[in-house]
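To find a chain, count down the sequence lines: A is the first, B the second, and so on, and within it residues start at 1.
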Amino acid sequence: MSQEYTPQTLEVALQADWAKTGRFAVQPDNAREKFYCLAMFPYPSGKLHMGHVRNYTIADVIARYQRMQGKNVLQPMGWDAFGLPAENAAIANKVAPAAWTRENIDHMRAQLQRLGYAYDWDREIATCDPQYYQWEQWFFTQLFERGLVYKKMATVNWDPVDQTVLANEQVIDGRGWRSGALIERREIPQWFIRITAYAEELLEGLDTLEGWPEAVRIMQRNWIGKSRGVELAFGLESPIADLDRIEVYTTRPDTLFGVTYISLAAEHPITLALAEQNPELTEFVAACKQTSVAEADMAQAEKLGMDTGLRATHPLTGEAIPVWVANYVLMDYGSGAVMAVPAHDERDWEFARKYSLPMKTVICDAEGHPADIADSAYTEHGVLTGSAEFDGCHFEAAFEGIAAQLGAKQMGRTTTQFRLRDWGVSRQRYWGTPIPMLNLEDGRDIPIPADRLPSLLPEDVAMDGVTSPIKADPEWRKFELEGQPCERETDTFDTFVQSSWYYARFTCPHYTDGMIDSAQANYWLPVDQYVGGIEHAILHLLYSRFFHKLMRDAGLVDSDEPFERLLTQGMVLKDGAKMSKSKGNTVDPQALIDRYGADTVRLFSMFAAPPEQSLEWSDSGVEGAHRFIKRLWRLIHDFGSDEGASAAESLTSEQKTLRRKIHETIAKVSDDYGRRQTFNTAVAAIMELCNDLGRHPGETPEDRSVISEGLHAVLQMLWPITPHLSEHLWRQLTGEAFVESHWPALDESALSRDELEIVVQVNGKVRGKILVPASADRTEIEALAKDQENVRRFLADATIRKVIVVPQKLVNIVAQ
RNA sequence: GCCCAGGUGGUGAAAUUGGUAGACACGCUAGCUUCAGGUGCUAGUGCUCGCAAGGGCGUGGAGGUUCAAGUCCUCUCCUGGGCACCA
């Protein structure tokens with residue numbers, strides 16, 4: 001009766017059954033505890049890659065484990081369907097982004113279904129559907145009314161040949177990826193959402209997110225970057241560009257006496273005014289603009305500067321301080337000007353060295369001497385020197401004293417600043433949500449009225465590769481409001497806007513009366529478990545937290561935070577590198593599913609590494625996972641049906657040992673799935689149990705009873721990972737349908753041991769092992785340890801100084 | 001450049017609270033079964049000395065704390081992620 005393992009037929013049949021019976025469709029149910037499990041939805045790029053498989057398997061294992069705990073589990077799936085790749089594909093393949101996207105969705109949906117994920121497909125969302133983005137447009141107009149939206153000039157990468165704006169990704173070594181032209185920074189008007197109004201709350205909220213990895217919380221905290229400092233001004237003798245002073249911000253006012261120059265951004269109004277009379281400076285400013293807007297590029301670019309000849313007055317000493325223009329000072333941050341203290345700031349030190357600018361030490365080192373700055377800046381806090389009446393002050397006193405003196409002179413004040421900048425949401429692209437704003441003839445911007453939404457994106461378009469079809473089409477732009485002609489905004493939203501609230505829409509995807517059905521949302525939210533790549537640690541997760549608070553303040557949801565617990569999974573690598581087409585090291589999950597079935601692919605993904613770590617791909621590892629499945633298949637078939645095996649009365653010591661292994665495994669796997677989320681160690685433990693079950697003779701009814709108990713537990717514990725295999729074999733073994741809401745019960749009494757093995761060390765090195773009765777006390781253990789044969793040899797002519805006994809574990813005898 | 005992770009056998013990894021380093025699996029070696037094997041089973045497998053019993057060494061590198069360090073501290077090297085228009 002040894003039947004062959006045929007995953008292709010077995011899995012597809014079960015999947016059809018799940019779909020037909022609506023097995024994973026859910027509704028609110030107040031009788032049961034809810035559990036909302038969500039994996040970050042994919043961009044529909046064409047087909048699934050291994051990163052998706054890993055991501056969705058992790059989430060599915062958690063969702064199914066929670067189902068086995070009897071919870072009402074929501075696990076939805078959808079598509080982050082707007083974005084740049086669709087435009088690129090449209091140009092390359094002469095197909096409209098909409099058609100390309102929807103084809104990809106159909107293909108990827110089928111792939112996900114073939115992997116057997118327990119999704120409620122009735123809730124599927126695609127962000128490119130007007131039914132979705134209309135509410136995003138509506139919400140934006142609400143934010144506008146609340147004063148949380150504004151328009152200002154902001155910098156973009158400009159390709160002067162293609163006459164288009166480029167994403168940072170499209171700028172390679174400072175050149176446009178298609179034209180090869182040197183790109184330049186250019187300022188254009190763009191829409192912003194005031195995330196900075198929520199900076200304090202976003203920062204404080206991090207402390208409540210105990211279910212988040214500490215690394216993510218730290219990264220967000222640093223990103224928000226709250227600092228206490230001083231805003232101060234250096235005076236100008238005569239106004240330039242209507243400014244009579246240069247404003248700077250510093251967190252180190254204690255180094256104010258060490259300022260030897262000031263640096264302005266290339267876009268600073270004073271720079272621009274000075275450049276008008278100075279051709280050399282004009283040229284330098286143009287050169288400064290030839291880097292991408294990416295911070296990484298700017299931080300690594302060679303530091304360039306030029307003396308403007310202008311001098312500003314030090315607010316405390318009255319000295320004349322040279323004013324420079326430098327390419328590392330950014331107009332978008334703070335005031336676009338910084339005071340430079342080369343002795344106590346790394347970047348200023350490098351710049352000053354390069355241009356032979358003076359340095360002035362004003363902080364003492366730990367020994368109380370003026371710090372040595374010959375080889376690098378001294379950036380520690382310390383006692384002041386060379387700072388007039390502040391000499392001898394420590395950081396705190398100097399900070400307060402200098403701030404007070406600046407305040408008295410009306411030249412400065414203490415402030416709190418955030419590194420976080422407002423969220424620019426304008427994109428000069430076609431394939432996105434049209435920004436629902438109108439430009440009136442008098443120049444004012446107003447929102448499109450709610451009853452005229454959605455502002456529909458035309459889908460039947462041709463892409464020429466340079467101009468957005470809605471920018472190229474004058475007809476689309478035309479709009480009439482109360483008889484007045486006006487123009488639609490032709491920019492679209494950043495795709496992060498869609499992904500900032502989809503988790504909430506999943507609770508009520510078909511709701512037509514508003515953005516969110518609060519009754520549904522408040523039942524399901526917050527998401528109990530969110531799973532996604534670590535690469536989203538800052539942007540996506542911060543924007544979502546921000547949007548949640550915006551929705552809360554609009555009365556749509558009750559909770560303060562969207563995601564209770566977060567699991568950030570590592571990447572899938574091959575040959576130590578991220579899989580990518582350009583490297584030619586991709587692995588197509590479809591080929592693996594076709595060859596081994598979904599359960600093998602799922603099992604390997606879970607077994608190969610813990611979820612937070614990167615996973616090194618291995619073909620032979622997949623083979624190994626498949627072999628384990630076949631072994632288990634054979635084990636169950638060889639065992640036959642369990643013909644109502646009853647709990648045995650008295651067991652032999654071998655049977656007791658096997659039963660203890662079964663229950664130790666249940667305890668470990670429960671902990672690994674639930675608390676630790678280390679699925680690889682759970683699989684290893686189940687494999688160990690299977691090895692023991694296979695080795696155990698099945699001669700007596702008692703033997704068969706214990707083995708049967710173990711096989712039941714194995715199938716139940718594997719269900720979250722290999723659901724098809726488990727359901728199929730369960731029926732073989734028991735003759736009944738698999739009941740998913742039963743997690744195997746732990747029998748604590750089966751865990752007890754009569755004897756323990758204890759390690760004996762001499763001076764920290766293992767010299768022997770002893771078996772002691774579980775009831776043995778300290779003195780007995782110590783005596784047994786000293787008596788151990790090998791231990792005695794090492795103690796022969798030594799004096800025992802100390803004996804350390806760690807209960808249940810080891811004895812360390814310290815001897816000389 | 002800045003912020004955050006990670007580095008353990010030939011390979012993927014385990015070691016959960018400072019307490020036996022290498023569980024589980026891959027690979028490899030030997031044997032058995034079968035002998036058409038991309039099959040199955042058994043044993044061995046960190047390096048090293050030894051016939052063996054047993055010993056020495058060993059978690060990127062250098063120091064340190066401790067009876068005891070993969071785990072804690074300091075410095076350092078390498079790899080990966082993020083840096084606001086890839087998603």
Side-chain angles (χ1 to χ4, degrees), chain A residues 40 42-43 45 80 82-85 156-157 165-171 190 213-216 218-219 221-223 225 292-301 303 328 332 346-347 350 420-429 494-496 499 533-540 542-543 568 570-571 573 576-578 604 607-610 612-625 627-628 630-631 634 668 671-672 675-676 678 680-681 683-688 691 757-761 763-767 769 790 793 801-804 806 809-815:
Chain A
M40 290 178 187
Y43 177 78
S45 52
D80 189 12
F82 277 137
L84 211 43
V156 293
N157 300 309
V165 175
L166 297 182
N168 284 333
E169 182 189 55
Q170 300 170 313
V171 179
Q190 304 195 63
E214 192 55 27
V216 176
I218 292 169
M219 281 190 268
R221 202 168 284 132
N222 291 340
W223 185 262
S292 88
V293 299
E295 195 198 296
D297 291 343
M298 282 189 276
Q300 268 159 298
K303 288 178 183 53
Y328 66 89
D332 289 345
E346 261 337 309
R347 288 204 308 189
E350 275 171 43
L420 181 69
R421 311 198 300 257
D422 276 336
W423 179 9
V425 294
S426 295
R427 298 292 179 268
Q428 295 69 42
R429 313 196 193 293
D494 177 4
T495 55
F496 276 126
S499 56
I534 182 67
E535 65 272 20
H536 295 292
I538 297 176
L539 293 178
H540 163 62
L542 189 65
Y543 291 145
T568 49
M571 301 199 309
L573 310 177
K578 188 172 176 172
F604 172 74
F607 180 58
E612 311 233 56
Q613 260 178 52
S614 58
L615 181 155
E616 176 65 31
W617 183 260
S618 151
D619 290 330
S620 52
V622 182
E623 197 71 55
R627 210 176 296 162
F628 168 74
K630 286 195 290 189
R631 257 201 304 267
R634 221 164 26 235
K668 169 151 183 68
D671 191 43
D672 283 354
R675 178 182 64 91
R676 297 213 305 154
T678 52
N680 57 326
T681 52
V683 173
I686 294 169
M687 284 177 171
E688 273 188 64
N691 291 343
E757 191 186 57
I758 297 219
V759 165
V760 186
Q761 297 182 331
N763 291 328
K765 291 191 175 177
V766 179
R767 297 302 181 189
K769 289 170 188 178
N790 199 43
R793 286 186 19 204
R801 302 255 174 230
K802 198 171 172 185
V803 178
I804 287 135
V806 181
K809 287 226 164 74
L810 67 66
V811 178
N812 187 12
I813 301 166
V814 185

Look only at the side chain of [X] and the backbone of [Y], and say whether a donor-acceptor pair between them is shorter than 3.5 Å.
| X | Y | result |
| --- | --- | --- |
| A:Asn790 | A:Arg767 | yes |
| A:Asn812 | A:Val760 | no |
| A:Gln170 | A:Ala167 | yes |

[X] has an atom [atom1]; how far is it from atom [atom2] of [N], in whole Å?
| X | N | atom1 | atom2 | result |
| --- | --- | --- | --- | --- |
| A:Trp617 | B:A13 | CH2 | P | 13 Å |
| A:Glu612 | B:C4 | CD | C1' | 13 Å |
| A:Trp223 | B:A5 | CH2 | C1' | 17 Å |
| A:His536 | B:C83 | NE2 | C1' | 15 Å |
| A:Ile686 | B:A25 | CD1 | P | 13 Å |
| A:Glu616 | B:A25 | CD | P | 20 Å |
| A:Asn222 | B:C3 | CG | C1' | 6 Å |
| A:Ile538 | B:G82 | CD1 | P | 10 Å |

With respect to the phosphate group of B:C24, does any side-chain polar atom (N or O) of A:Arg631 fall under 4.0 Å of OP1 or OP2?
-> no
Report yes if a side-chain nitrogen or oxygen of A:Arg767 is closer than 4.0 Å to either non-bridging phosphate oxygen (OP1 or OP2) of B:G56; otherwise report no.
-> yes
Nucleotide nearest [X] when distance is taken to its side chain, options [options]:
| X | options | answer |
| --- | --- | --- |
| A:Ser620 | B:A23, B:C26, B:G12 | B:C26 |
| A:Phe496 | B:G12, B:A87, B:G27 | B:A87 |
| A:Leu539 | B:A25, B:C86, B:A87 | B:A87 |
| A:Asn680 | B:C86, B:A13, B:G40 | B:A13 |
| A:Arg793 | B:C24, B:G54, B:A87 | B:G54 |
| A:Lys765 | B:A23, B:G81, B:G56 | B:G56 |
| A:Asn168 | B:A84, B:C4, B:G27 | B:A84 |
| A:Gln613 | B:A87, B:C24, B:A14 | B:A14 |
| A:Ala299 | B:G40, B:C57, B:G1 | B:G1 |
| A:Arg421 | B:A84, B:A25, B:A14 | B:A84 |

Partner lookup for [N], please. Criteria are Watson-Crick or G-U wobble with both distances under 3.5 angstrom; report none if nothing qualifies.
| N | answer |
| --- | --- |
| B:A13 | none |
| B:C32 | B:G40 |
| B:C51 | none |
| B:A62 | B:U74 |
| B:G27 | B:U45 |
| B:G1 | B:C83 |

Could you measure between the two [atom1] atoms, the one in [N] and the one in [M], and give it in whole Å?
| N | M | atom1 | value |
| --- | --- | --- | --- |
| B:A69 | B:C2 | P | 34 Å |
| B:G58 | B:A21 | C1' | 9 Å |
| B:U59 | B:C49 | C1' | 22 Å |
| B:A68 | B:C83 | P | 45 Å |
| B:C47 | B:U42 | P | 23 Å |
| B:G7 | B:G12 | C1' | 14 Å |
| B:G80 | B:A30 | C1' | 40 Å |
| B:G64 | B:U45 | C1' | 36 Å |

All N/O pairs under 3.5 Å across the protein-nucleotides 16-21 of chain B interface:
residue: B:U16; atom: O4'; partner: A:Arg676; partner atom: NH1; Å: 3.4
residue: B:U16; atom: N1; partner: A:Arg676; partner atom: NH1; Å: 3.4
residue: B:U16; atom: O2; partner: A:Arg675; partner atom: NH2; Å: 2.6
residue: B:U16; atom: O4; partner: A:Lys668; partner atom: NZ; Å: 2.4
residue: B:G19; atom: N2; partner: A:Asn812; partner atom: ND2; Å: 3.4
residue: B:U20; atom: O2; partner: A:Lys769; partner atom: NZ; Å: 3.1

Measuring from atom [atom1] of [X] to atom [atom2] of [Y], what distance do you get when rounded to the nearest 0.5 angstrom?
| X | Y | atom1 | atom2 | result |
| --- | --- | --- | --- | --- |
| A:Gln190 | A:Trp423 | CD | CH2 | 14.0 Å |
| A:Leu573 | A:Gln613 | CG | CD | 10.5 Å |
| A:Asp494 | A:Leu539 | CG | CG | 8.5 Å |

Please confirm whether any donor atom in the side chain of A:Gln300 sits under 3.5 Å from an acceptor in the base of B:G1, or the reverse.
-> yes
On RNA chain B, check which nucleotide each of A:Val683 and A:Tyr43 is closest to and give me the residue with the more 5' one.
-> A:Val683
Which residue lies toward the 5' end of RNA chain B, A:Val156 or A:Lys802, if each is placed at its nearest nucleotide?
-> A:Lys802
A:Ser499 side chain to A:Asp80 side chain, donor-acceptor N/O pair below 3.5 angstrom | no
What form does the base of B:G54 take, syn (within 90° of 0) or anti?
-> anti
Taking the inter-plane angle between the rings of A:Trp617 and A:Phe604 on a 0 to 90° scale, is it parallel (under 30°), tilted (30 to 60°) or perpendicular (over 60°)?
-> perpendicular
Which part of the nucleic acid, if any, lies within contact of A:Met571, taking any heavy atom under 4.0 Å across all strands shown: a base, the sugar-phosphate backbone alone, or nothing?
-> sugar-phosphate
Which is true for A:Ala296 with a 4.0 Å heavy-atom rule: it touches a base, it touches only sugar-phosphate, or it touches nothing?
-> base
Given side chains that start at C-beta, do those of A:Gln761 and A:Ile804 come closer than 4.5 Å, heavy atoms only?
-> no
